[in-house]
Engineer: 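A single structure is presented below for examination.
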Amino acid sequence: MGRGPIHGPTNPMVTPLLTDLYQFTMAYAYWKASKHNERAVFDLYYRKNPFGGEYTIFAGLEECIRLIANFTLQDDDISFIRESLPSSCEDAFFDYLKGIDCSDVEIYAIPEGSVIFPKVPLMRVEGPVAVVQLLETPFVNLINYASLVATNAARHRFVAGKSKLLLEFGLRRAQGPDGGIGASKYCYMGGFDATSNVAAGRLFGIPLRGTHSHAFVSSFTSPDEISEKSLNSLDGSTLCKDFVNQVQTWLQKLKRLRELGELFGETNQSELAAFASYALAFPNSFLALVDTYDVIRSGLPNFCAVALALNDLGYKAMGIRLDSGDLAYQSCEARKFFNVIEKEFCIAEFGKMSITASNDLNEETLDALKKQGHEVDSFGIGTHLVTCYAQPALGVVFKLVEINNQPRIKLSEDVTKVSIPCKKRCYRLYGKEDYPLVDIITGENEPPPKAGERILCRHPFTESKRAYVVPQRVEELLKCYWRGSADNEREELPPLKEIRKRCISQLEQMRPDHMRRLNPTPYKVSVSAKLYDFIHFLWLNEAPVGELQ
Ligand SMILES: Nc1ncnc2c1ncn2[C@@H]1O[C@H](COP(=O)(O)OP(=O)(O)OP(=O)(O)O)[C@@H](O)[C@H]1O
Ligand SMILES: O=P(O)(O)OC[C@H]1O[C@H](OP(=O)(O)OP(=O)(O)O)[C@H](O)[C@@H]1O
Ligand SMILES: O=C(O)c1cccnc1
Ligand SMILES: [Mg+2]
C-alpha cells in the first residue's frame with residue numbers, strides 16, 4: 001500500500017461522457033425519485049471464457065481507476081447532456097451532475113493480470129446508485145477488450161512455448177488507434193515480449209522490436225545504386241573500402257560449396273543490394289527479410305553473403321525473417337544453411353542465427369508448426385492477435401446485486417444469466433501442489449474459508465454439484481483499489497511489468513488440464529452453502545408462480 005497521484009485515462013476520449021445515454025437517463029430518474037444517493041453495489045463479471053478455453057486474464061483495471069480518480073463533469077459536458085435529455089428535465093438535476101465525483105465510491109477488484117473465471121466478480125463497485133450507474137458502460141468497455149486481447153496473447157504464448165520470442169505486429173490491422181495501443185499494452189501483459197508500436201513503447205515502456213518490409217528490398221534495383229560502400233570494422237582497426245565487393249566475393253564462395261552450391265545459381269542482385277545497404281546502415285544488428293523473391297534460391301544465400309562479410313569485420317548478424325510460404329520447411333532449410341556455413345567456415349554460432357516468422361499467424365498455425373517441427377526462434381503476430389479474430393468480444397456485464405443493504409437478483413430463462421445477489425467476498429482455494437482448486441464466493445459477512453478447514457463448495461445453480469474442499473492455502477481475491485477520499489487504504493497500481501509478471505506466474509500455476517487447447521477441464525467456481533441457500537430463497541421470492549390453464 002502506498003499512494004502516488006492517479007493520472008487520467010491513457011486515452012483522453014475516456015471521460016464521463018463515454019457512456020450510454022441510458023445511464024444519464026436513469027441518473028435523472030433516480031434523482032427525480034430521490035433515489036440517487038441510495039447505496040448500491042454492482043458486480044462486474046463475465047459469463048463464459050473466450051476462444052473455447054477455460055480461463056481469462058483480467059485486464060483494464062488501472063484504466064478504470066484512472067477514470068474514477070478524475071471523474072467530474074465539465075460545464076460543457078453538462079450543457080451537452082442537457083441538450084440530449086428531454087427538455088422537461090429539471091434544472092436542479094444539472095446542478096447535481098455538476099457536483100458529482102467518485103469520492104463516495106468504493107471499488108474492490110481482483111488484481112490486474114490475474115487468471116479469472118466466469119461468474120466471479122472481478123470488480124465490486126459500491127456507491128451512490130446514480131454515480132455507479134454512470135460507470136457501467138466505461139468500465140465494461142475498458143475491461144472487455146483489454147481482458148480479451150490479454151487472454152488471446154496468453155493463449156498464443158501457451159502454444160508457442162516459453163522459449164520463443166513473441167512480437168506483436170498488429171498496429172496496422174487493429175481496430176483504430178485505441179485498439180492498436182490497447183493491443184500492444186495488453187498483449188505485453190499477456191506474455192508477449194515486445195511490440196512494433198512506437199507510441200506504445202513510449203507510453204508504457206514496452207520493448208520495441210522490428211525488422212524491415214518488402215518495400216525496402218524492392219526499392220533497390222542494382223548494387224550499383226550503393227554510393228557509399230565503405231564500412232569500418234567493429235573495433236575500428238580496419239576500413240573495408242568496398243563492402244559490396246566483399247559481399248560478392250562471399251556469394252561466389254558460397255556458390256562453390258558443394259552442399260549449398262546445388263541449391264542456388266544466380267541470386268537476385270537487387271535483393272543483394274538491399275541487404276548490403278541495410279547492413280551498412282545497421283552493421284551491429286543486421287536482420288533481413290528473405291522472402292521477397294525466393295527464399296532458398298536468393299534470400300538465404302544473399303543474407304549469408306552479407307552476414308559473412310560483416311563477420312570479417314567483427315560484426316555478428318542477427319538473422320532473417322520469413323513472411324510467406326511454408327514457414328516450418330523454410331525455417332528448417334534456413335537452419336541447415338546456417339549450420340553448413342558454421343561448419344565449413346568455422347564461424348562459431350553462425351548456426352544459431354535467429355529466424356523470425358510472420359504471415360497471418362494464429363494459435364492454429366503456431367500449433368501446426370510445432371507439430372511439424374520448425375526452427376523459428378521468434379514469431380511476429382498481427383491481425384489474428386490484435387483483432388481477436390477468433391472471438392470479437394468478451395461478454396463482460398455489470399449487475400446490481402444490492403441496494404440499501406437489500407440483496408437484488410436478476411432472473412433469466414437462461415440459468416447462466418441469473419445474477420448472484422448480495423455484496424460478496426471471493427476466495428481462491430489452493431490444493432496440495434499449490435494448484436488453484438476452486439474459487440468460492442461468500443456473503444460479505446460470512447467467516448472466510450481457512451487453510452486446513454473443510455468447506456462445502458456448491459455450484460451456484462445446480463443442486464447436485466457440490467464438493468468438500470480442504471484448502472492448503474486461501475487467497476482473498478477482491479482487494480480495495482478505490483475508497484474515495486480514504487486514499488491510504490487502497491492498493492497501489494503496479495507498473496505494467498509487474499502486472500505482466502503476475503500474469504505469467506499465475507498462468508504457470510494453473511493445472512495443465514485447465515490450460516490445454518482441446519477440451520480443457522472447466523475450473524470450478526462455487527458459492528458457500530449459505531449463499532447458495534440465499535440465492536435460491538431470493539429466486540423463489542422474486543419469480544412469479546405461473547398458472548396453467
Ligand atoms: N508449415 C505450415 N503449416 C501450417 N500453416 C502454415 C505453415 N507455414 C505457413 N503457414 C500458414 O499458411 C498460410 C499461408 O498463407 P498463403 O496461402 O496466403 O500464402 P503466402 O505464403 O502468404 O503467399 P504469398 O506468397 O502470396 O504471400 C499463412 O497463414 C501461414 O501462417
Ligand atoms: O500477418 P500478420 O499476423 O497480420 O502480421 C503482420 C504482417 O504485416 C506485415 O505485412 P503485411 O501483412 O502488411 O503485408 P503482406 O500481407 O504483404 O505480408 C508483415 O510482413 C506481416 O506479414
Ligand atoms: O518489424 C516488422 O517486421 C513488422 C512490423 C509490423 C508489421 N509487420 C512487420
Ligand atoms: Mg501479411
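Since we're looking at a predicted model, the values are computed, not measured.
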Engineer: Just one of I441, I420, V438 clears the side chain to side chain contact (heavy atoms under 4.5 Å, CB included) bar with V525, so which one?
Structural biologist: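 Per the side chain to side chain contact (heavy atoms under 4.5 Å, CB included) rule, the option paired with V525 is I441, out of I441, I420, V438.
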
Engineer: Check for a donor-acceptor pair, side chain of R321 on one end and backbone N or O of H212 on the other, with a separation under 3.5 Å.
Structural biologist: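 Confirmed, R321 side chain pairs with H212 backbone.
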
Engineer: Please step through side chain to side chain contact (heavy atoms under 4.5 Å, CB included) for the pair T195 and L208, ending with a clear verdict.
Structural biologist: CA-CA 5 Å; T195 178; L208 288 178; 3.9 Å; yes

Engineer: Using only atom types and a distance under 3.5 Å, with no angle test, would you say the side chain of D193 pairs donor to acceptor with the backbone of L166?
Structural biologist: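 Yes, the answer is positive, given that a donor and an acceptor are paired below the 3.5 Å cut-off.
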
Engineer: Indicate whether any N or O donor in one side chain lies under 3.5 Å from an N or O acceptor in the other, for D101 and T72.
Structural biologist: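 On atom types as modelled, these side chains do not qualify, holding no pair under 3.5 Å.
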
Engineer: Keeping to residues at least two apart or across chains, list the ring pair (Phe, Tyr, Trp, His ring centres under 6.0 Å) pairs with something in residues 43-83.
Structural biologist: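 Passing the test, one end in residues 43-83: no pairs.
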
Engineer: Pick out which of V401, V418, N541 makes a side chain to side chain contact (heavy atoms under 4.5 Å, CB included) with I409.
Structural biologist: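 The passing option is V418.
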
Engineer: If you look at every heavy atom in Q472 and A451, which pair is closest and at what distance?
Structural biologist: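 Looking at all heavy atoms of both residues, the shortest contact is O-CB, 3.5 Å.
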
Engineer: Is it true that a side-chain atom of E38 and a backbone atom of V129 form a donor plus acceptor pair closer than 3.5 Å?
Structural biologist: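 Judged by distance alone, no pair lies under 3.5 Å.
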
Engineer: Strictly by modelled atom types, are R173 and T387 linked by a side-chain donor-acceptor pair under 3.5 Å?
Structural biologist: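 No, T387 and R173 have no side-chain donor paired with an acceptor closer than 3.5 Å.
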
Engineer: Does the R428 side chain pair with the main chain of R473, one donor and one acceptor, at a distance under 3.5 Å?
Structural biologist: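 No; zero donor-acceptor contacts below 3.5 Å.
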
Engineer: Test R483 against Y108 for side chain to side chain contact (heavy atoms under 4.5 Å, CB included), laying out the working first.
Structural biologist: CA-CA 9 Å; R483 187 173 282 157; Y108 279 71; 2.2 Å; yes

Engineer: Check the pair E363 / R155 against salt bridge (charged side-chain N to carboxylate O under 4.0 Å, His left out), numbers first and verdict last.
Structural biologist: CA-CA 7 Å; E363 273 191 66; R155 294 181 63 83; 2.9 Å; yes

Engineer: Atom OG in S84, atom CZ in F24: separation rounded to 0.5 Å?
Structural biologist: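 Going from the OG atom of S84 to the CZ atom of F24 covers 9.0 Å.
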
Engineer: Donor-acceptor pair, D20 side chain versus Q23 backbone, under 3.5 Å?
Structural biologist: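 Between the backbone of Q23 and the side chain of D20 there is no qualifying donor-acceptor contact (under 3.5 Å).
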
Engineer: Report the C-alpha distance between L478 and R425 in whole Å, list the side-chain angles of each, state the deciding distance to 0.1 Å, and finish with yes or no for side chain to side chain contact (heavy atoms under 4.5 Å, CB included).
Structural biologist: CA-CA 7 Å; L478 294 171; R425 289 175 185 263; 5.8 Å; no

Engineer: Nearest 0.5 angstrom please: L493 CG to E498 CD, how far?
Structural biologist: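 Output value for this atom pair is 11.0 Å.
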
Engineer: Work out which heavy atom in I143 is nearest to a heavy atom in V396; give both atom names and the distance.
Structural biologist: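 Nearest pair, atom of I143 first, then V396: CG2-CG2, 4.2 Å.
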
Engineer: Please find the pair of heavy atoms, one from V131 and one from C102, that lie closest to each other, and give the distance.
Structural biologist: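 What the structure gives for the nearest pair is CG1-SG, 4.1 Å.
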
Engineer: Ion pair present between E542 and R408, side-chain N to carboxylate O less than 4.0 angstrom?
Structural biologist: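 Yes, this pair counts.
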
Engineer: Not counting sequence neighbours, list each pair that qualifies as a ring pair (Phe, Tyr, Trp, His ring centres under 6.0 Å) and has a residue in residues 466-497.
Structural biologist: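 Non-adjacent pairs meeting ring pair (Phe, Tyr, Trp, His ring centres under 6.0 Å): zero.
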
Engineer: For residues K423 and V41, report the shortest heavy-atom separation together with the two atoms involved.
Structural biologist: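 So the two residues come closest at CD-CG2, 4.1 Å.
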
Engineer: Using the side chain to side chain contact (heavy atoms under 4.5 Å, CB included) rule, pick out the option among R157, E168, K164 that qualifies with F379.
Structural biologist: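 That would be K164; it is the only one of R157, E168, K164 passing the side chain to side chain contact (heavy atoms under 4.5 Å, CB included) with F379.
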
Engineer: With a 3.5 Å distance limit and no angle check, can you tell me whether E63 reaches the backbone of T10 through a side-chain donor-acceptor pair?
Structural biologist: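 Checked: pair present.
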
Engineer: For side chain to side chain contact (heavy atoms under 4.5 Å, CB included), just list the numbers for I110 and C426, CA-CA rounded to whole Å, side-chain angles, deciding distance to a tenth of an Å, and then say yes or no.
Structural biologist: CA-CA 9 Å; I110 297 183; C426 307; 5.9 Å; no

Engineer: Tell me the ring pair (Phe, Tyr, Trp, His ring centres under 6.0 Å) pairs involving residues 139-167, sequence neighbours left out?
Structural biologist: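 Sorted result for residues 139-167: empty, none.
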
Engineer: Which pairs with one or both residues in residues 409-466 pass ring pair (Phe, Tyr, Trp, His ring centres under 6.0 Å), sequence neighbours excluded?
Structural biologist: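 For residues 409-466: F461-W539.
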
Engineer: Can you list everything that forms a salt bridge (charged side-chain N to carboxylate O under 4.0 Å, His left out) with D76? Sequence neighbours excluded, please.
Structural biologist: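 Expected list: none.
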
Engineer: Starting at CD1 of I381, measure out to CG of L167 and round the result to the nearest 0.5 Å.
Structural biologist: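 Reported value, rounded in 0.5 Å steps: 8.5 Å.
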
Engineer: Tell me, with the steps shown, if R511 and E433 meet salt bridge (charged side-chain N to carboxylate O under 4.0 Å, His left out).
Structural biologist: CA-CA 9 Å; R511 223 172 58 197; E433 286 159 81; over 6 Å; no

Engineer: Without placing hydrogens or testing angles, list every side-chain donor-acceptor pair under 3.5 Å for residues 114-125, not counting sequence neighbours.
Structural biologist:
{"from": "S114", "atom 1": "OG", "to": "P111", "atom 2": "O", "distance (Å)": "2.6"}
{"from": "S114", "atom 1": "OG", "to": "R502", "atom 2": "NE", "distance (Å)": "3.0"}
{"from": "R124", "atom 1": "NH1", "to": "K424", "atom 2": "O", "distance (Å)": "2.7"}

Engineer: May I ask you to decide if K410's main-chain N or O and S419's side chain share a donor-acceptor pair within less than 3.5 Å?
Structural biologist: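 It does hold such a pair.
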
Engineer: Using a strict cut-off of less than 4.0 Å between a Lys/Arg side-chain nitrogen and an Asp/Glu carboxylate oxygen, indicate whether D178 and K185 qualify as a salt bridge.
Structural biologist: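 Between K185 and D178 there is no salt bridge, as every charged N stays at least 4.0 Å from the carboxylate O atoms.
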
Engineer: Where the side chain of T151 meets the backbone of I57, is there a donor-acceptor pair that is under 3.5 Å apart?
Structural biologist: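 Indeed, once roles are kept as given, a pair shorter than 3.5 Å links the two residues.
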
Engineer: Examine distances only and state if a side-chain atom of R66 and a backbone atom of G8 form a donor-acceptor pair shorter than 3.5 Å.
Structural biologist: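 Between the backbone of G8 and the side chain of R66 there is a qualifying donor-acceptor contact (under 3.5 Å).
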
Engineer: Look only at the side chain of K479 and the backbone of E476, and say whether a donor-acceptor pair between them is shorter than 3.5 Å.
Structural biologist: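 Judged by distance alone, yes, a pair lies under 3.5 Å.
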
